[in-house]
Amino acid sequence: MNTFNFEIKLKRENKVYYENDMLLGCVQFQSSADTKHEGIQLYLEGIVNLQLSSKTVGLFDAFYNSVKPINLLQNNLELSAPGKLSAGRSEFHFELPLVSRKEPLYETYHGVFINVNYQLQCTVKRNFLGKSMTKIQQFCVQYKPTGLGEDSLRSVPFSLSPDSLQKNATAKERLSMPRFLITGRLDRSESCVTMPITGSIMVQHTEAAIKSIDMQLVRVETCGCEEGHSKDATEIQTIQIADGNVLPKLELPIYMVLPRLFTCPTLLTKNFKIEFELNLVVVFKEDYTVSENFKIVFKRSAGPMPSKITTAGR
């Protein structure tokens, strides 16, 4: 029985590329006997897939048209005309430019409602008695790192107290809210996707015992255009800063490493947006919860740099 296998190999082991790079590699075939085929094709594709959440069902057609897939890259290469692969190992080398004719090449990103994917697909066509065989190799596209401005090095202080939450609290909540003051800072006003988010937090005083303090990273994905849009916030990850009651005046570090494929530089286009936020969540022993929201802008920089962060207390 003939055993036939093949795989796509890229020259760069880390599979990370930039726009206008040349994609170099080869397709390796291994066969125990001579194998006939009807042609070998290699397809290059870069695509943004947009998906509407269930809450948008019922909106007009123009909205649905605005979330069609966006083609960033599309190319194909014939590796071999119909013929025969000899027994043993065979290789077909390829060179494909990563050049987009319309949209720029956005960074690889895996979200809930937005996905930016790049891949190579090799198809070995067979005759009508044999099923065509396909292999896929994904790779990552990144922006080239840029420098940081001086403003990015400024820290961002914050303060969490009943007074900062009063504007969004009901009269009943104001009466039941314990007295507390929690202060802290984020170390930089801009954040690089390859660097951790750092800072510190300190409980100055509190009437009620604290159960936990958490920092939550959230993606805010917007699909649509001027006619309508779907905007959804979903959690990426949560880290626990403190477990149990916290000693007053004790400085606690904030250190959050960003997951590679689930974050990217903040992206704002006419058809979709990818933005990020941080939620500082404090849970008291009686399960009373307060939180502070930070809007954060990620970039890709050549050095240590997190993103533009503005506080918006709830």
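This chain uses plain numbering: 1 for the first residue, then up along the sequence. Please read all numbers here as calculations on a predicted model, not as lab measurements.
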**Q** If you measure from CG on Asn115 to CG on Leu50, what distance do you get to the nearest 0.5 Å?
**A** 9.0 Å
**Q** Applying ring-ring contact (aromatic ring centres under 6.0 Å, His included), name anything that partners Phe6, two or more places apart in sequence or on another chain.
**A** Phe29
**Q** Heavy atoms only: give me the nearest Pro178-Pro162 pair and the separation to one decimal.
**A** O-CG, 3.4 Å
**Q** Please name the pair of heavy atoms, one in Ser90 and one in Ser86, separated by the smallest distance, quoted to 0.1 Å.
**A** OG-O, 4.0 Å
**Q** Would you compute the distance between atom NZ of Lys15 and atom CG of Leu23 and round it to the nearest 0.5 angstrom?
**A** 11.0 Å
**Q** Can you tell me if Glu13 has over 12 outside heavy atoms packed within less than 6.0 Å of its CD?
**A** no
**Q** Could you walk me through whether Leu79 and Val27 satisfy the side chain to side chain contact (heavy atoms under 4.5 Å, CB included) test, starting with their C-alpha distance in whole Å, then the side-chain angles of each, then the deciding distance to 0.1 Å, before giving a yes or no?
**A** CA-CA 9 Å; Leu79 296 180; Val27 182; 3.6 Å; yes
**Q** Are any non-hydrogen side-chain atoms of Asp34 and Leu85 less than 4.5 angstrom apart?
**A** no
**Q** Side chain of Ser100, backbone of Leu72: donor and acceptor closer than 3.5 Å?
**A** yes
**Q** Of the non-hydrogen atoms in Cys122 and Leu42, which two are nearest, and what is the gap between them?
**A** CB-CD1, 3.9 Å
**Q** I'd like to know if the side chain of Thr222 and the backbone of Val220 have a donor-acceptor N/O pair within less than 3.5 Å.
**A** no
**Q** To the nearest 0.5 Å, what is the distance between CG on Leu186 and CG on Leu278?
**A** 6.5 Å
**Q** For this output row, return yes or no: ring centroids of Phe272 and Tyr106 closer than 6.0 angstrom.
**A** yes
**Q** Less than 4.0 Å between a side-chain N and a carboxylate O, is that true for Arg12 and Asp21?
**A** yes
**Q** Using atom types as modelled and distance alone, determine if a side-chain donor or acceptor of Asn71 lies under 3.5 Å from a backbone N or O of Ile47.
**A** no
**Q** Other than Leu24, which residues form its hydrophobic cluster under the rule that side-chain heavy atoms must be closer than 4.5 Å?
**A** Met22
**Q** Val156, Met202: one ILVMFWY side-chain cluster at the under-4.5 Å cut-off?
**A** no
**Q** I need the minimum non-hydrogen distance between Phe298 and Cys264, along with the two atoms involved.
**A** CB-O, 3.6 Å
**Q** In the single-linkage hydrophobic clustering (I, L, V, M, F, W, Y; side-chain heavy atoms under 4.5 Å), do Phe180 and Val281 co-cluster?
**A** no
**Q** Which word best sums up how the rings of Phe294 and Phe158 line up, parallel for under 30°, tilted for 30 to 60°, or perpendicular for over 60°?
**A** perpendicular
**Q** I'd like a table of donor-acceptor pairs (distance under 3.5 Å, sequence neighbours excluded) in which one partner is a side-chain atom from residues 91-99, with atom names and distances.
**A**
unit_1	atom_1	unit_2	atom_2	d
Glu91	OE1	His93	NE2	3.2
Glu91	OE2	Gln28	NE2	2.9
Glu91	OE2	Arg89	NE	3.4
Glu91	OE2	Arg89	NH2	2.7

**Q** So, for Ile114 and Glu221, which heavy atoms are closest and what is the spacing to 0.1 Å?
**A** N-OE2, 3.6 Å
**Q** So Leu280 and Ile241, do their side chains get closer than 4.5 Å, heavy atoms only?
**A** yes
**Q** Using the test ring-ring contact (aromatic ring centres under 6.0 Å, His included), find all partners of Tyr109 that sit at least two apart in sequence or belong to another chain.
**A** none
**Q** With a 6.0 Å cut-off on the ring centroids, do Tyr17 and Phe139 count as close?
**A** yes
**Q** Which is it for Asn293 and Glu277 under the side chain to side chain donor-acceptor pair (under 3.5 Å) test, yes or no, and what are the steps along the way?
**A** CA-CA 7 Å; Asn293 176 258; Glu277 295 179 355; 3.0 Å; yes
**Q** Has Thr263 got a side-chain atom pairing as donor or acceptor with Pro259's backbone, closer than 3.5 angstrom?
**A** yes
**Q** NZ/Lys68 to SG/Cys223 distance, rounded to the nearest 0.5 angstrom?
**A** 15.0 Å
**Q** With a cutoff of under 4.5 Å between side-chain heavy atoms, which Ile, Leu, Val, Met, Phe, Trp and Tyr residues group with Tyr255?
**A** Val257
**Q** For Glu107, enumerate each residue passing the salt bridge (charged side-chain N to carboxylate O under 4.0 Å, His left out) test, keeping only those at least two apart in sequence or located in another chain.
**A** Arg300
**Q** With side chain to side chain donor-acceptor pair (under 3.5 Å) as the criterion, how do Thr198 and Asp187 come out once you've worked through the C-alpha distance, each side chain's angles and the decisive distance to 0.1 Å?
**A** CA-CA 6 Å; Thr198 59; Asp187 284 338; 2.7 Å; yes
**Q** Can you check side chain to side chain donor-acceptor pair (under 3.5 Å) on Asn117 and His110, steps first, answer last?
**A** CA-CA 8 Å; Asn117 293 312; His110 294 171; 3.0 Å; yes
**Q** Scan residues 240-251 for pairs that pass salt bridge (Lys or Arg N to Asp or Glu O under 4.0 Å), counting only residues two or more places apart or in two chains.
**A** Arg185-Glu251
**Q** Is it true that Tyr18 and Val193 fall in one hydrophobic cluster, defined by side-chain heavy atoms closer than 4.5 Å?
**A** no
**Q** At their closest point, which heavy atom of Pro265 faces which heavy atom of Tyr143, and how far apart are they?
**A** CG-CD1, 3.6 Å
**Q** Checking the side chain of Ser32 only, and the main-chain atoms of Thr3 only, is there a donor and an acceptor separated by less than 3.5 Å?
**A** yes
**Q** Run the side chain to side chain contact (heavy atoms under 4.5 Å, CB included) test against Ser159 and tell me which residues pass, sequence neighbours left out.
**A** Leu181, Thr183
**Q** Measure the shortest side-chain to side-chain distance between Val141 and Thr108 over non-hydrogen atoms and say whether it is less than 4.5 angstrom.
**A** yes
**Q** Side-chain donor-acceptor contacts of residues 207-218 below 3.5 Å, not counting sequence neighbours, with atom names and distances?
**A**
unit_1	atom_1	unit_2	atom_2	d
Glu207	OE1	Arg179	N	3.2
Lys211	NZ	Asp287	OD1	3.1
Gln216	OE1	Asn279	ND2	3.0
Gln216	NE2	Glu235	OE1	3.3

**Q** Under the criterion side chain to side chain donor-acceptor pair (under 3.5 Å), I'd like the reasoning laid out for Thr234 against Asp232: C-alpha separation, chi angles, the key distance, then a yes or no.
**A** CA-CA 7 Å; Thr234 52; Asp232 298 274; over 6 Å; no
**Q** For the residue pair Leu160 and Val282, establish whether any side-chain heavy-atom pair is separated by less than 4.5 Å.
**A** yes
**Q** Evaluate the side-chain proximity of Gln51 to Ser230: yes if any heavy-atom separation is below 4.5 Å, no if none is.
**A** no
**Q** To the nearest 0.5 Å, what is the distance between CD (Gln142) and CD (Glu19)?
**A** 13.5 Å
**Q** Restricting to side chain to side chain donor-acceptor pair (under 3.5 Å), what partner residues turn up for Lys102, sequence neighbours left out?
**A** none
**Q** Is there side-chain contact between Val112 and Phe262, with heavy atoms separated by less than 4.5 Å?
**A** no
**Q** What pairs of residues pass the salt bridge (Lys or Arg N to Asp or Glu O under 4.0 Å) test when at least one of them lies in residues 112-121, not counting sequence neighbours?
**A** none
**Q** Between atom CG of Asn245 and atom CZ of Phe284, what is the distance when rounded to the nearest 0.5 Å?
**A** 9.5 Å
**Q** Look at atom NZ of Lys11 and say whether more than 12 heavy atoms of other residues, nucleotides or ligands are closer to it than 6.0 Å.
**A** no
**Q** Do Ile182 and Leu252 sit in one hydrophobic cluster, given that two such residues count as connected whenever their side-chain heavy atoms are within less than 4.5 Å of each other, even indirectly?
**A** yes
**Q** For residues 115-137, which residue pairs qualify under salt bridge (Lys or Arg N to Asp or Glu O under 4.0 Å), counting only residues two or more places apart or in two chains?
**A** none
**Q** Would a hydrophobic clustering, with Ile, Leu, Val, Met, Phe, Trp and Tyr connected at side-chain separations under 4.5 Å, put Ile8 with Tyr43?
**A** no
